[in-house]
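In what follows, a structure is listed as structure tokens, so that the remarks can point back to it.
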Amino acid sequence: MKLLTQAQIIERLNTNPIFSLIGDTADTLGVECYLVGGYVRDLFLERPTNDIDVVVVGSGIDMASAVTERLGRRQAHLSLFRNFGTAQVKWHGQELEFVGARRESYSHDSRKPIVEDGTLEDDQNRRDFTINAMAVCLNKARFGELVDPFDGLLDLKDGIIATPLDPDITFSDDPLRMMRCVRFATQLRFQIEEETFAALERNRERIRIISAERIIDELNKIMLSPRPSIGFVELQRCGLLEIILPELSALDNVETRNGRSHKNNFYHSLEVLDNIASQEGSSLWLRWAALLHDIGKTKSKRWDPVAGWTFHNHNFLGEKMIVPLFRRLKLPLDERMKYVKKLVGLHMRPIVIADDEVTDSAVRRLLFEAGDDIDDLMRLCEADITSRNEVKKRNFLQNFRLVRQKLKEIEEKDRIRNFQPPVDGEEIMQRFALPPCREVGELKTALKDAILDGIVPNEHDAALQFIRERAAEMGLREV
Ligand code: ATP
Ligand code: MG
């Protein structure tokens, strides 16, 4: 990161004509006005942003109205939020947020503060981190002047997240800031300053007054970072994870018996998540599946004197944990949840197949169950191989290539992916003059199994032939 001189700041501000226009407007109204928060931080980090936050020492609403007049009502769209004393102007894809400088005081049981008009200093004091509390003046006489009372610029240079005031007060006032702290550390790959971190530990219980929606919003931002593990390690270290995601936190242990240890499944899960996150275009939901793929391991862990540590059926136990977990965290309960559930439930299958002989019928069944999510499932399984044993790792990946190859062949030959049986229940009922009944169901299941096992080709005539034979065995007559 570069430390910019005022001349350089001015140069950057001048690439967008909006800033001098805002400054002129403020001069006309006779108020001080500053660019503040994330935009200033990202100006130094050279991260492009369209969210522009402006603090006015006076009325944010008057200022926003005057700026909208200047930009022209056809071009700029103004929204007023009188209750909050803020106003938003949308202009050419940019969102300008105007707020009057304010002073906030909090009561213990709520993160909603009592708000009063204040000075720029008051306004900077209420901000979450030093790097988010810098202001740049936009008035003509002081255009581009940095107001940085907490040395946010130094922290930005050193890569440090620290609160402007006593961190116990900052976090206790609004505990959401604890999640933001970890989120910024993850997105920017910054260190959390020691005192700030200690306050995370001390104030962690306060997170309980924050709604699940806000927590998940921050958690998803951590998930979508290039290396999400950074955030989860910090959340675990300070004890927040145990409160918000105890199922994951519980995986952080290693037990040893008779000199045999199992791996730490928390760190393993994070490694899988990072593997997925490093892949181009991996979705939020594939990342969630990666993070949660082993959460069934706590309940399924057993010690066997011969086999050592086992986690039989952890995929099925994990699959069952997804619905309550998504419900509690206020994650969506629609097809996105079903997708995560499916991947968690199926994540052992390709490994089992690859470990054994890769038969057509095993691959066909896998394709049938995974459907269109087969590619994501294979990506998850490959990311799941975190063994340090290079030979073992190479063998698995080699076998996965075999599974993928077979998947492709069978897909081309049998079109199993979105499997529809070539002879359906309707046809069976008509041919054998049956009402909907048990026999129809049995014939359908037998046909499906036969096709998935490769006994019958996935074609109408062959399927009908099979059905006829089975029906005859069952004593059914064709009409
Ligand atoms: P990003 O937009 O990438 O999430 P940001 O820093 O712009 O990062 P916003 O949520 O857009 O974050 O908030 C803008 C600014 O408002 C922040 O930079 C910070 O100064 C202030 N802010 C936001 N939320 C809080 C909070 N909970 N407590 C204190 N200050 C906050
Ligand atoms: Mg922002």
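Bear in mind that the values here come from a model prediction, so they are computed numbers and not experimental data. One-based numbering, in listed order, for ligands and for the atoms of each.
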message: Quick check on the 6.0 Å ring-centre criterion: do F190 and F129 meet it?
response: no

task: Answer with yes or no whether D174 contacts ligand 1, where contact means a heavy atom under 4.0 Å from a ligand atom.
output: yes

message: Suppose I only count heavy atoms of G37 and a 4.0 Å limit; which atoms of ligand 1 are within that range?
response: 18 (O), 20 (O)

Nearest-neighbour protein heavy atom for atom 5 (P) of ligand 1, which is reported as residue plus atom name and distance: R41 NH1, 3.8 Å

message: Under 3.5 Å, is there a donor on one side chain and an acceptor on the other for H268 and D384?
response: yes

- request: Look at atom 28 (N) of ligand 1 and say which protein heavy atom is nearest, naming residue and atom and giving the distance to 0.1 Å.
  value: R177 NE, 2.7 Å

message: I need the nearest protein heavy-atom contact for atom 7 (O) of ligand 1: residue, atom name and distance, please.
response: G38 CA, 3.5 Å

message: Using 0.5 Å steps for rounding, measure from the OG1 atom of T386 to the CG atom of N275.
response: 7.5 Å

query: Once the angle between the rings of H262 and W309 is folded into 0 to 90°, is it parallel (under 30°), tilted (30 to 60°) or perpendicular (over 60°)?
result: perpendicular

message: Checking Y34 against D123 for the side-chain hydrogen bond (donor to acceptor under 3.5 Å, both in side chains) test, could you report, in this order, the C-alpha distance in whole Å, the side-chain angles of both residues, the deciding distance, and whether it holds?
response: CA-CA 11 Å; Y34 300 85; D123 201 280; over 6 Å; no

task: Within a distance under 4.0 Å of any heavy atom of R127, pick out the atoms of ligand 1 and give their elements.
output: 15 (C), 16 (O), 19 (C), 20 (O), 21 (C), 29 (C), 30 (N)

R183, R177, R180, R41 screened by salt bridge (Lys or Arg N to Asp or Glu O under 4.0 Å) with D128, the one that passes: R180

message: Which residue and atom name correspond to the protein heavy atom nearest atom 14 (C) of ligand 1, and how close is it?
response: D53 OD2, 3.4 Å

task: Determine whether any heavy atom of Q187 lies closer than 4.0 Å to an atom of ligand 1.
output: no

- prompt: Is ligand 1 less than 4.0 angstrom away from at least one heavy atom of F184?
  reply: yes

statement: shortest atom 10 (O) of ligand 1-to-protein heavy-atom contact is with R180 NH1, 3.0 Å

- prompt: Does even one non-hydrogen atom of R126 get within less than 4.0 Å of ligand 1?
  reply: yes

field: Evaluation steps, side-chain hydrogen bond (donor to acceptor under 3.5 Å, both in side chains), between S65 and D62
entry: CA-CA 5 Å; S65 310; D62 291 350; 5.4 Å; no

field: Nearest-contact summary for atom 30 (N) of ligand 1 - protein heavy atom, Å
entry: D128 N, 3.3 Å

- request: Output, in order, the C-alpha distance, side-chain angles, deciding distance and verdict of salt bridge (Lys or Arg N to Asp or Glu O under 4.0 Å) for R204 and E242.
  value: CA-CA 10 Å; R204 61 178 179 225; E242 197 186 333; 6.0 Å; no

Per-atom contacts, ligand 1 versus R183 - under 4.0 Å to a heavy atom: 1 (P), 3 (O), 4 (O)

Non-hydrogen side-chain atoms of L13 and L138 separated by less than 4.5 Å: yes

- prompt: Counting only heavy atoms on the protein side, is anything nearer than 4.0 Å to atom 2 (O) of ligand 1?
  reply: no

